[in-house]
Amino acid sequence: MQLITNEKVYTDNSREVDKDSIFVISKQNAEFLEDAKRNGCKNFIEAKNLKKELDLSSIKIIGITGTNGKTTTAAAIYSILLDLGYKVALQGTRGFFINDEKIEDYTLTTPVQLRNFAHIIKAIENGCQFFVMEVSSHAIEQKRIEGLDFELKVLTNITRDHLDYHKTIQEYINVKNSFISDESKKLINKDDLKAKFNTKNALTYGLENPATYKVSAYSFTNGTNVMFSKIDKMYSFTSNLMGIFNIYNILAAVASVDMVTDNSLDEICEAVENFAGVSGRMEIICSDPLVIVDFAHTPDGMKEVFESFNHKDIITVFGAGGDRDKKKRPLMGKVASNYAKKIIVTSDNPRFEDPDLIIEDICKGIKDKDKLTVEVNRKEAIKKAIESGKKNPNNVVLILGKGDEPYQIIYDKKLPLSDKEEVLKHI
Ligand SMILES: CC(=O)N[C@H]1[C@@H](OP(=O)(O)OP(=O)(O)OC[C@H]2O[C@@H](n3ccc(=O)[nH]c3=O)[C@H](O)[C@@H]2O)O[C@H](CO)[C@@H](O)[C@@H]1O[C@H](C)C(=O)N[C@@H](C)C(=O)N[C@H](CCC(=O)O)C(=O)O
Ligand SMILES: Nc1ncnc2c1ncn2[C@@H]1O[C@H](COP(=O)(O)OP(=O)(O)OP(=O)(O)O)[C@@H](O)[C@H]1O
Ligand SMILES: N[C@H](CCC[C@H](N)C(=O)O)C(=O)O
Ligand SMILES: [Mg+2]
């Protein structure tokens, strides 16, 4: 990765250096420092000191971490800020956007350090006042965000994911919490009991526990209607997004914007209605039969989605990613068997793993085998689910795990596959 700015060339790759370039030393590449010198490099800077050379002080960075809801919350903040007339950049799982325009497609949820700087500089060049970014647990552990001064840090929740990488749940929790252990301005989900944060400059939000931004009532008639209080004043917003978890996401977004702007909360709440949601997250593809594509790929994410449809007969299709947390697989199976009347277990992104073995891991969590169909071909699995869905108007078909991913990753190849397109073929 190279960043060229102010007539200087910064690189984080020892194989890219020359005598004029500056090798940016980070946790990830420190072992290649000698290699950089051997390749003729004479100039070095530690990534955490980049901010001394690259002035980012004119933009406010909002970082969102949490197991689930980062993309949705970040997109909601972005949408509200744009609606209020600000210039804003958004960086996350779905790519990099400036003022509603897509600049870069899917890469990492949180890019490597130098790319973060490059994106922020680009946002500043485009007049942005805010840079909204998702912060993954990998990024915190690998210090991809070191050297960034956050105007606001948000924690959505801590459940479980990525234990292939972090090894134990405690280590994962510690990594997430390390993001909110300093004195920066923070917004914390008060209903998440695993959150351990520095209370200095922290505000909270929630539905259950006392919080700065506290939901007092909600209903799901004609959209989602929410009333909440901040200190002793009441506010309300309406949204098209479904599910209690989306109340958390939107409330977090409303509170975030309240914390970083001078706009009134009433104005902010008004802008919520224009946020249409994120593609591939609780996206209704068809209403008869009701078919929804969602990105839930953790046991907790799935539970949240299923609970949003507990008045319906659930038919679900899902798999689990290969080369990712193996232990979450039977838990995903178990959650599905608790809520669904029919479960079609299929392939997600197998990567370098055998899809049949991933499916076996998931099926270990499904006790009631009468509910279970195994169909390794995801396109076939979706077709079967839609056919079943058509049999009863109370059915809902929930296709989970890949959201709007436009491909299936098999080995290291990305083969075109869109859950939404597959659904559209069969309705
Ligand atoms: C497991 C993992 O996270 N791996 C990351 C890790 O890879 P790595 O340690 O193997 O590093 P590397 O690619 O060999 O290079 C490390 C550094 O050394 C430099 N280098 C390398 C070789 C050399 O000869 N000289 C040299 O200077 C490279 O330029 C680079 O700066 O460091 C790399 C660069 O810092 C990352 O790109 C890479 O992410 C890989 C691609 C990845 O797939 N990561 C996923 C798991 C990930 O991070 N996902 C999260 C969470 C998703 C979510 O929940 O939303 C994300 O943020 O996307
Ligand atoms: N606040 C929440 N609590 C629990 N589950 C949620 C929440 N928000 C979203 N989800 C579920 O998690 C899925 C992923 O949501 P989203 O893309 O917003 O999260 P993310 O944290 O960005 O995920 P990733 O780390 O994979 O990028 C959704 O499709 C939904 O099923
Ligand atoms: N950002 C997450 C997304 C997982 C999506 C799921 N489809 C999978 O491939 O496991 C990850 O890379 O772990
Ligand atoms: Mg995301």
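Just follow the structure's listing: the first ligand is 1, and inside any ligand the first atom is 1. All values derive from a computational prediction rather than experimental measurement.
At least one N or O atom of Thr71, backbone or side chain, sits closer than 3.5 Å to an N or O atom of ligand 2. Any N or O atom pair closer than 3.5 Å counts here, and Asp300 shares no such pair with ligand 2. The shortest N/O to N/O separation between Tyr248 and ligand 2 does not fall below 3.5 Å. In terms of polar-atom proximity, Gly69 is counted as a contact of ligand 2, with an N or O under 3.5 Å from an N or O of the ligand. The distance criterion of under 3.5 Å between nitrogen or oxygen atoms is not met by Lys402 with respect to ligand 3. Considering backbone and side-chain N/O of Gly280, none are found under 3.5 Å from N/O of ligand 2. Taking only nitrogen or oxygen atoms, main chain and side chain alike, Gly401 reaches within less than 3.5 Å of ligand 3. For a threshold of 3.5 Å applied to N or O pairs, the pair formed by Thr73 and ligand 2 contains no separation below that value.
We find the OG1-NZ distance between Thr212 and Lys190 to be 7.5 Å, quoted to the nearest 0.5 Å. Residue Arg378 holds its CZ atom at 6.0 Å from NZ of Lys402, rounded to the nearest 0.5 Å. Annotation: the span from Asn68 atom CG to Thr298 atom OG1 amounts to 4.0 Å, rounded to 0.5 Å. In this structure, the separation between CD1 on Ile268 and CD1 on Ile77 is 11.0 Å, given to the nearest 0.5 Å.
When each atom of ligand 2 is checked for a heavy atom of Asn249 under 4.0 Å away, the hits are 1 (N), 2 (C), 7 (C), 8 (N), 9 (C). Within ligand 3, counting atoms from 1 as listed, the ones closer than 4.0 Å to a heavy atom of Arg351 are 8 (C), 9 (O), 10 (O). Those atoms of ligand 2 with a heavy atom of Thr93 less than 4.0 angstrom away are 27 (O). Distances below 4.0 Å separate heavy atoms of Asn157 from the following atoms of ligand 2: 1 (N), 2 (C), 3 (N). Each of the following atoms of ligand 3 lies closer than 4.0 Å to a heavy atom of His162: 11 (C), 13 (O). The distance from ligand 2 to the heavy atoms of Val305 drops below 4.0 Å at these ligand atoms: 31 (O). Close contacts between ligand 3 and Asn349 involve ligand atoms 7 (N), 8 (C), 9 (O) [criterion: under 4.0 Å to a heavy atom]. Using a 4.0 Å cut-off to heavy atoms of Gly321, the atoms of ligand 3 that qualify are 8 (C), 10 (O). Each of the atoms 16 (P), 18 (O) of ligand 2 lies under 4.0 Å from some heavy atom of Thr72. Below 4.0 Å from some heavy atom of Thr67 lie the following atoms of ligand 2, by number and element: 21 (O). Interface atoms of ligand 2 facing His297, defined by a heavy-atom separation under 4.0 Å, are 24 (P), 26 (O). For ligand 3, the atoms closer than 4.0 angstrom to any heavy atom of Phe295 are 3 (C), 5 (C).
A side-chain N or O of Asn246 and one of Asn249 form a donor-acceptor pair less than 3.5 Å apart. With hydrogens and angles left out, the side-chain atoms of Glu405 and Asn349 include a donor and acceptor closer than 3.5 Å.
In this structure, Lys153 forms a cation-pi arrangement with Phe179, its terminal cationic atom sitting closer than 6.0 Å to the ring centre and no more than 45° off the ring axis.
Side chains of Tyr218 and Leu251 form no contact here, defined as non-hydrogen atoms less than 4.5 Å apart. Contact check for Glu104 versus Gln91: no side-chain heavy atoms found under the 4.5 Å cut-off.
Residue, atom and distance of the protein heavy atom nearest to atom 5 (C) of ligand 3 are Glu405 OE2, 3.5 Å. For atom 4 (C) of ligand 2, the closest heavy atom belonging to the protein is Glu304 CG, 3.4 Å. Protein heavy atom nearest atom 30 (C) of ligand 2, with residue, atom name and distance: Asp294 OD2, 3.4 Å. Annotation: atom 20 (P) of ligand 2 to nearest protein heavy atom, Lys70 N, 3.5 Å. Remark: minimum distance from atom 17 (O) of ligand 2 to any protein heavy atom is reached at Arg281 NE, 2.8 Å. For atom 11 (C) of ligand 3, the closest non-hydrogen atom of the protein is Arg324 NE, 3.4 Å. The nearest heavy-atom contact from the protein to atom 5 (N) of ligand 2 is Asn68 CB, 3.4 Å. In terms of protein heavy-atom proximity, atom 10 (N) of ligand 2 is nearest to Phe245 CD1, 3.6 Å. Of all protein heavy atoms, the one lying nearest to atom 14 (C) of ligand 2 is Phe295 CD2, 3.8 Å.
At least one heavy atom of Asp348 sits under 4.0 Å from some atom of ligand 3. Residue Met302 places no heavy atom under 4.0 Å from ligand 2.
The pair Lys326-Asp164 fails the salt-bridge criterion, with no side-chain N (NZ, NE, NH1 or NH2) lying under 4.0 Å from an Asp/Glu carboxylate O. One finds no salt bridge joining Asp361 and Lys327 here, because no Lys/Arg side-chain nitrogen approaches an Asp/Glu carboxylate oxygen to under 4.0 Å. Using a 4.0 Å cut-off between charged side-chain N and carboxylate O, Arg329 and Glu360 make no salt bridge.
The backbone N or O of Leu241 lies less than 3.5 Å from a partner atom in the side chain of Thr224, making a donor-acceptor pair. Proximity of a side-chain donor or acceptor of Thr72 to a complementary backbone N or O of Gly69 within less than 3.5 Å is not detected.
When each of Asp356, Val345, Asp354, Ile358 is checked for a side chain to side chain contact (heavy atoms under 4.5 Å, CB included) with Val376, only Asp356 meets the rule. In summary, of the residues considered (Phe97, Phe150, Tyr86, Tyr78), a ring pair (Phe, Tyr, Trp, His ring centres under 6.0 Å) with Phe130 occurs for Tyr86 alone.
Between His311 and Phe309, the ring planes lie parallel to each other; the angle is under 30°, not in the 30° to 60° tilted range.
With the Mg ion (ligand 4) as the vertex, OG1 of Thr71 and OG1 of Thr93 span 100° to the nearest 10°.
Here atom 1 (N) of ligand 3 lies nearest to Thr109 when heavy atoms of Thr109, Leu400, Asp323, Asp164 are compared. For atom 13 (C) of ligand 2, the nearest non-hydrogen atom from the set Gly403, Ala76, Ala296, Gly301 comes from Ala296.
The Mg ion (ligand 4) sits nearest to atom OE1 when only the N, O or S atoms of Glu134 are considered.
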Ile120 and Leu54: CA distance, side-chain angles, deciding distance, side chain to side chain contact (heavy atoms under 4.5 Å, CB included) verdict: CA-CA 10 Å; Ile120 296 169; Leu54 308 171; over 6 Å; no
Do Thr93 and Lys70 pass the side chain to side chain contact (heavy atoms under 4.5 Å, CB included) test, and can you show the C-alpha distance, the side-chain angles, and the key distance before you say yes or no? CA-CA 9 Å; Thr93 312; Lys70 297 183 294 298; 5.6 Å; no
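The two residues Lys341 and Lys371 come nearest to each other via the heavy atoms O-CG, 3.5 Å.
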